[in-house]
Each structure stands twice: as C-alpha cells, then as structure tokens.
Amino acid sequence: MRIESEAGLRTLQAAGIQKLKPKQPRIAVGLATCGAAVGGRKVYESLREAIDRAGADIDLVTVGCIGYCREEPLVNITIPQKPLVILHRVSEADADEIVHSVMDDQVPEDKALCRVPSWDHVTGVVMQYGKGFANIPLYEDVPFFAPQRKVILRNAGFINPEEISEYFAIGGYAAAWKALHGMQPEAIIAEVEKSGLRGRGGAGFPTGLKWRITRDAPGGTDKYLICNGDEGDPGAYMNRNEMESDPHMLIEGMIIGAYAMGLKNGLIYIRSEYPLAIERLGTAIRQAREYGLLGDNIMGTGFSFDIRITRGAGAFVCGESTALVASIEGRTGRPHPRPPRLTDPEGGLFKKPSDLNNVETWCNVPAIVANGSGWYAALGAANNTGTKVFSLVGKVDRVGLVEVPLGTTITTIVFDAGNGGANGKKVKAVQTGGPSGGCIPLRLFDTPVDFESLNRAGTIMGSGGIVVMDEDTDMVDIARYFTGFATGESCGKCVPCREGLKHTLLLINRIQAGKATGKDLAILQEVCETIAATSLCGLGQTAPNPVLTTLSYFREEYEAKVRP
Amino acid sequence: MTHGSSEQNDVPEKPVIITINGRPCRAGKGETVLAVAIREGIPVPHLCHEESLAPYGACRLCLVEAGKPGKTEMTTACTLKAADGLEVITDTPQIVKHRSILFELYLAEAPKSEVIKEMAARYGVTKTRFLKKMETDDPLSEKCVLCGLCVRVCNEIMGAGAINFINRGPYTVVNTPFLEPSADCYGCGACVKVCPTHAVVMEEAGSERVMRSWSGTRVPLAACSCCGMYYAPRELAARTLAALDPHLDQDLAGLCPACRGKRIAEREILARQGGAGNHA
C-alpha cells in the first residue's frame, strides 16, 4: 500500500478517477456540517432508499461543500460522458425523481443549479466530464460563482473527503512527491517566499520567512509544525469547510512544510466545536499513514514526519499563538508577551522552536509547489498574492463561501457574488475580521480586500469573515454584540481588555437603554482607544475596532440615542 | 539575532547604557528597563512586577515609549530588556493619557484599595468615571486587581499550586479549586507578602493559621518545644528543615526562632566557660 514510486502514485490516481467518474452514474451529496444542517443527511438516506428500491446501478457518495450555502442541500450528478450537474435545494421528496432521471441518463433540470463540463483541480488535473444538458447554465455563468477563483476550495464539493483515492484522482500528493523527491528544502522555502504567500489567519506574515526562521532555529529535527484550526470569529467558517471538504489538501501542505523546515513533529490544533472536521481529519491522517505519506520514511525518501490532532477546549483566545501553545501544553490558555515568539527555542511548544500557520495557509502550499511561485504570484494583487476564501454572511442575499483573488473590491464580493441585501433591502455596511475587525460603510465599498487597504479603512482582514448589514441594522447593536463576544472571550489577564471591555459593554448598554449622554460617548471613545493601545495581546488590541469604526462611520446612530 | 552576535563580539564586561528621560543609566545584561528605573529611582508605576518572578506584563501601568531615536513604540518596561543605546521616555502625553484611563479602570475595579487610590493620585487621577465594582463578601476585600503575583509565587516559587485564576475575562477571580479549603496550601503567606494592594489576608487562630482569602483554608502551626508559642506552619517548617544542608541539630529543630537563638547563645557560653583554654 505504501507509495514508493511515481508509477505507484499514478496507479492510485487512475483508480481514484474510476471512483470520481465511474462507468455507472454517481450521485454525490454535499455533506459538510452546513449541508447536514439543512437536511443533507436525510436527502442522502432517501436517495439510498430510492436507489435500492429501483435496483439501480448508481454510486451514492458523500462529498464536501462547494460553498453556496444558500442553495443547500446540494447534490452532484455525474453521468458518463455528460457534464457534472449540481442540483440545488434538494429535499427528501426529490429522491425518487432524481434516481429515475439518472437511470434514464437525465437529470431533473428544474432542480439544476449549473453544469460543469470540466473542472480544474489546480494541482495538475483538469477533470473532463462531458457535453450535453445545454439548457442548464454553465458553472461560470452562475452569478454567485462568476467572480470567484477556486484555488483553495479547488476540490471542495467534488471529492469524497473520506476517500484518499479521490484525492489521488485529482492529482493529490503529486506536489508532495515533487517536493520530497525533486526539490531541496531550501528551494521549497524560496518558492514559497517568491510566491508572496502571507498568513491567512489574519496577521498576513510572510509564510516563507516564518518557515526560514523555524528552519534556521536551533534544535535539529525536534521542532514542531502546528496548524491553527481554532477558527472562532463569529460568522467565519472557511477553515471548517476546508478541513471537512478536503482534509488531505491540508495534510499535504503540512508534509511539504515539514520537509522544507526539516522537522518531524506535526500537530493540528482544532476547536472541539468542529466534530466533523476532527473526524474527517482523523480518517485522513490514518489513510495517509497507510499509504506511507505520514510516519517514517515518507514516500521512500527517508524523511519522517507525523501529525497528531489536539482539540481546543472552547476559548477563542487560544487561536492566539502563545495561548494556543499554553493550551496544547495543558496550561490555561492565556497569552504572554512576545518575544519570545514560537519560533524562538524558549517560546515554542514544549520549548522547541515551532512554526504556526493557519489551515488556509497550508492549503495553498500544494498549489504553489505544483504550479510554481510565478503562477501563484500572478494571482491577486501586488504584495497580496493569491486567493482568499471569505464567508459572506449576514443580511446578504446569497450567503456562502466566496473565494476571490486578493485585491477584489468589497463591491464585487457583496454585490456581484452576494447580490446585495437580502429581501431587497439596501446594504449599509460590512463587518470584516470578526470581533477584531471593524465596520466599513457602503461609501467605502470600492476598498480592495487586501491586508493593507482594510487596515487603512480601520478594520482588518482577519480570517475572512464578512458580515453584511442592511438598512435595518442597528450599528450600535452590532458594536454591542461584538463587544459582548470579546468581553466573554477575554482571558482576563491584562486590565485594559478585562476591565476596559467590560465598561465598554456597560456604556453601550447604557446608550441602548436611552440613559446615556454625550459625555458617555466621549468616555466610550477614550476607553476604546486605550484598550487598543495598551492591551497585551491581539485580542484586546483589536477588540475595540467594532466600536471605534461604528463611532467613526455611523456616529449619527449613536448621537440619536443619547441625550445632549 | 544580529544584536546577540554583536554583543558576543564585544568585550564581555562592557556595560549596557540606556537613557531614561534623557538620563544615562547603566544596565546589567538581561536586565529589564523597569528594574533599571526602579534602581535609579525613576518613578514608573507598576503592580504586577516582582524581581524573583518572570516578567508578566499584565498591569500595563509601566508603559514607556522606547526604541532608537525616530523609531520608538509604546511598550511595557517590565518586559523590555535593556539594550545598549535604548532610549526610554516614561511620560509622553500619549502615555499620560492611557495611564490615566488605566488608573480609572483600577479605581473602579478595586474601590476599597488605598494603595490604588494613592498611586493613582500620584499620577493626578483622583476619581473614576467608570461604574465601581460592588461585591458583597469579597474574600479579597474589593482590593484585588488580578495582578497574578499571589498565583505566581504560589506556583512558581513555593511549588504549592494552592490557588489559581478561576473563570475568565471580567469574571476572573483568584481562589482555591472549587472554592474549597486547600490541602495544598502550606500557609507560607507568600501571597500575603507579595500582594501589592493588601487584598490577601490571613490570621492566626490558636494552633492554626487561617487563610481567610482562600476559602477559609486552615493550616496547623508548629508549637515551640520550649516556650510553646506557635511559630510556623507545621508542614512548611518540617519541609524547610528537611531541606537544610547541613541538617540542624535535633535539639534545635523544634524550637521557635527566639528560643533557638537563646539555645545557641547558651551553648556558646557553655563552650567558652568549659574550654576557655582551647579557644584562647
């Protein structure tokens, strides 16, 4: 079972393609947590029964999610020589109709969202499905998908995340083979540096540089590589979908990173609130070990590396690097001042130099190795290369995961992909970056979404949550919500965050109760500025952003609620 | 990185010179800016600093503006290592502004603390615009500012781990696990000693020491085998004696410090009287 030759990998790929494009039709139900939440499991069960009842020769499988949340449950149908068709808003009642159509080599066209004649899986394989179904719109003509460029979500919704063979089918682990067999570690780091990839967790630190620092740190191979899967921003679920829909993409990225940094210990820190992601990653890790992709002597190269999963215990602040390390070590998840950084020997996990990257950062790595840094650097904008997945939620018409090149404007995301406000309401603002981010008013929607432009607008990119507000949204209430969240998640170590946020919340409640005066607004502004300037860690430093940006852009809403 | 290597090339004993408010100050290797300021008598307010503990950076009062000329940033002096040529200013208008707000937050958090009131007044803050915390039966007498010193000495120095933080954010308190009397507490009183706001209280009640702030933990005291006075927590005394090298004579071990002094003096006199010739 172990992969020890390129031919062996190709054989596995061919076998995988037989599963993705079998001789018989294949029905695939989108079953990430989101699909399951709107009844996807019931759809799956009723399809199972309908197939059995009809005695049909049809494969029924589970796939991840393509990201169009509003249209779920989504069901893909692959009929030989025909385009892959995505059905939307499928219910249990549709099962028999779907199965009977498929038995006649047809699909229920009234339920079809779009057709996919061929799909670029980015890491070297363009899957050709077939021609036909001309009445069904093409994938790229669906307005929600039209502005998108799928690099990170390249396989999400197409492959079965619990079957390593389907990951082999789309060219999976070929990048790892290329890296481990054909590239020096130094060359990989240089490629990642040249690609311009920056940390997708929110800070935007150059990934290649962090790898280089870790590689150069003392300690030989006994260092740690950590994947930060503690995604916790309200309204953000990109990482969840990446892990649930395509876990091997993450593992492959980590293997390449480990080889480049020359270390042997890998760890995925993932929040307990993501049980399905934990389960699927656990399965994926076991499968990768069986094929000799993790463990000793990976792909016959003599290089050894393995990954363990550590579950978080429910604290938002544990996504911060020093608190995350404390949490893994079994201590209370409280940040400490940096330096020492994780890459320093005294600051890393178990006192070993450690590299920490976000889930989505790792997911980019196989694509960069497969296609080269030049290809990646051409995506996105200068100094903000590549694509980024955003979770577009709130009062927006088309809710879902939107992957666009960095530098795309908020207008494109909210209006072109998202079709503006839900129920025909006017959009007023967006909140980016979760509780650490800020609100951007409609008049600034031409702002390109990149690390620096969002900072200039007073917010941050964060991990990629975009919450849309419409004309009915009370912006003071928005500030209150996020402040309440940050107050509850403050670890309580330093006074500006612990006490300052508490009083910020009390002041906003006072305003909402109609008991505040103009003086209270002044205090609110002052205390928020101090929290931002003096807090110990990133949580406190950024927690006042929702208040400060709404005070600056929507001051009239505050003033309308206070007595002079 | 570059800094470390250049220092290594220097003569090892070359002193580090930093300037604080324009005044050149000598600093030891690895010393923090706050430690230098304290030694030089330059006032920098602080609550969570203790020389024998690792830097913690939680009270945020020791904020200074520091860096090389033209490239400075606001940071805490307790976590900032002195490096040659570092320029530090302790009271820029920005620092004064933020520090005042922090003092207002402290005044609201620990309304009964005279230490906080006096410290804030020294920096011109005499009242707070924030809602004062009101708590009945606070075991820390409405004086705790969660600086963590008690928790850190208990864990890091004493190795007892009897107390720790409970809850998080604004609900954080310090106490024993499950608010039950602690079997791990030695009753050493280090927590009382380090508390900057005198929030931690203990008292002696006959043969026991009562840690009033820590869920009524009671620690038995050792009685002096000579005068009968209770002089130290029993287990702590035993542990301390066991750790002494060389060991204390058996007849001194059970004595209170006063009686021990007396006994040693008596012995010395006896020895001189009995064998004066030998000592002459």
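Just so it is clear, the model here is predicted, and its values are computed rather than measured. Lettering follows sequence order; numbering is per chain, from 1.
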- Most contacts with chain A, counted as non-hydrogen pairs under 4.5 angstrom, among Arg99(B), Glu109(B), Arg129(B): Glu109(B)
Tell me, side chain or backbone of [X] under 4.5 Å from chain B's heavy atoms, or both, or neither?
X	answer
Ala315(A)	both
Thr534(A)	both
Pro496(A)	both

What distance do [X] atom [atom1] and [Y] atom [atom2] have between them, rounded to the nearest 0.5 Å?
X	Y	atom1	atom2	result
Arg498(A)	Leu146(B)	CZ	CG	4.0 Å
Leu131(B)	Lys502(A)	CG	NZ	8.0 Å
Cys497(A)	Leu105(B)	SG	CG	11.5 Å
Phe130(B)	Leu506(A)	CZ	CG	10.0 Å

- Task: Measure distances from Leu63(B) to the heavy atoms of chain A and classify the residue's part below 4.5 Å as side chain, backbone, both or neither.
- Result: side chain
What side-chain donor-acceptor pairs closer than 3.5 Å can you find for residues 42-54 of chain B, not counting sequence neighbours?
residue: Glu50(B); atom: OE2; partner: Ser52(B); partner atom: N; Å: 3.3
residue: Glu50(B); atom: OE2; partner: Ser52(B); partner atom: OG; Å: 2.9

- Between Leu102(B) and the options Val495(A), Ile531(A), Val527(A), the side chain to side chain contact (heavy atoms under 4.5 Å, CB included) test singles out Val495(A)
- Message: Between the side chains of Lys97(B) and Glu526(A), is the shortest nitrogen-to-carboxylate-oxygen separation below 4.0 Å, so that they form an ion pair?
- Response: no
- Message: Heavy-atom pairs under 4.5 Å with chain B - which of Cys491(A), Gly333(A), Pro339(A), Pro337(A) has more of them than the others?
- Response: Cys491(A)
- Among Ala486(A), Ser490(A), Gly488(A), the residue with the most heavy-atom pairs under 4.5 Å to chain B is Ser490(A)
- Query: Where do Ser535(A) and Arg60(B) come nearest, in terms of heavy atoms and distance?
  - Reply: O-NH2, 3.4 Å
- Message: Side chains of His98(B) and Thr530(A) only: does a donor on one sit below 3.5 Å from an acceptor on the other?
- Response: yes
- Task: For residues Glu499(A) and Val145(B), determine if any side-chain heavy atom of one lies less than 4.5 Å from a side-chain heavy atom of the other.
- Result: no
- Message: Is the terminal nitrogen or CZ of Lys493(A) (NZ for Lys, CZ for Arg) located under 6.0 angstrom from the six-membered ring centre of Tyr56(B) and within 45° of that ring's axis?
- Response: yes
- Message: Report, in residue-number order, which members of residues 159-168 of chain B are under 4.5 Å from chain A by heavy-atom distance.
- Response: Phe165(B), Arg168(B)
- Which residue pairs pass the side-chain hydrogen bond (donor to acceptor under 3.5 Å, both in side chains) test when at least one of the two sits in residues 131-150 of chain B, sequence neighbours left out? Lys112(B)-Glu142(B)
Within a radius of less than 6.0 Å around [atom1] of [X], do more than 12 heavy atoms belonging to other residues, nucleotides or ligands occur?
X	atom1	result
Arg212(B)	CZ	no
Tyr171(B)	OH	no
Arg26(B)	CZ	no

Return a table of donor-acceptor pairs under 3.5 angstrom between the side chains of residues 75-82 of chain B and protein atoms on other chains or two or more places apart.
residue: Thr76(B); atom: OG1; partner: Thr79(B); partner atom: OG1; Å: 2.6
residue: Thr79(B); atom: OG1; partner: Thr76(B); partner atom: O; Å: 3.1

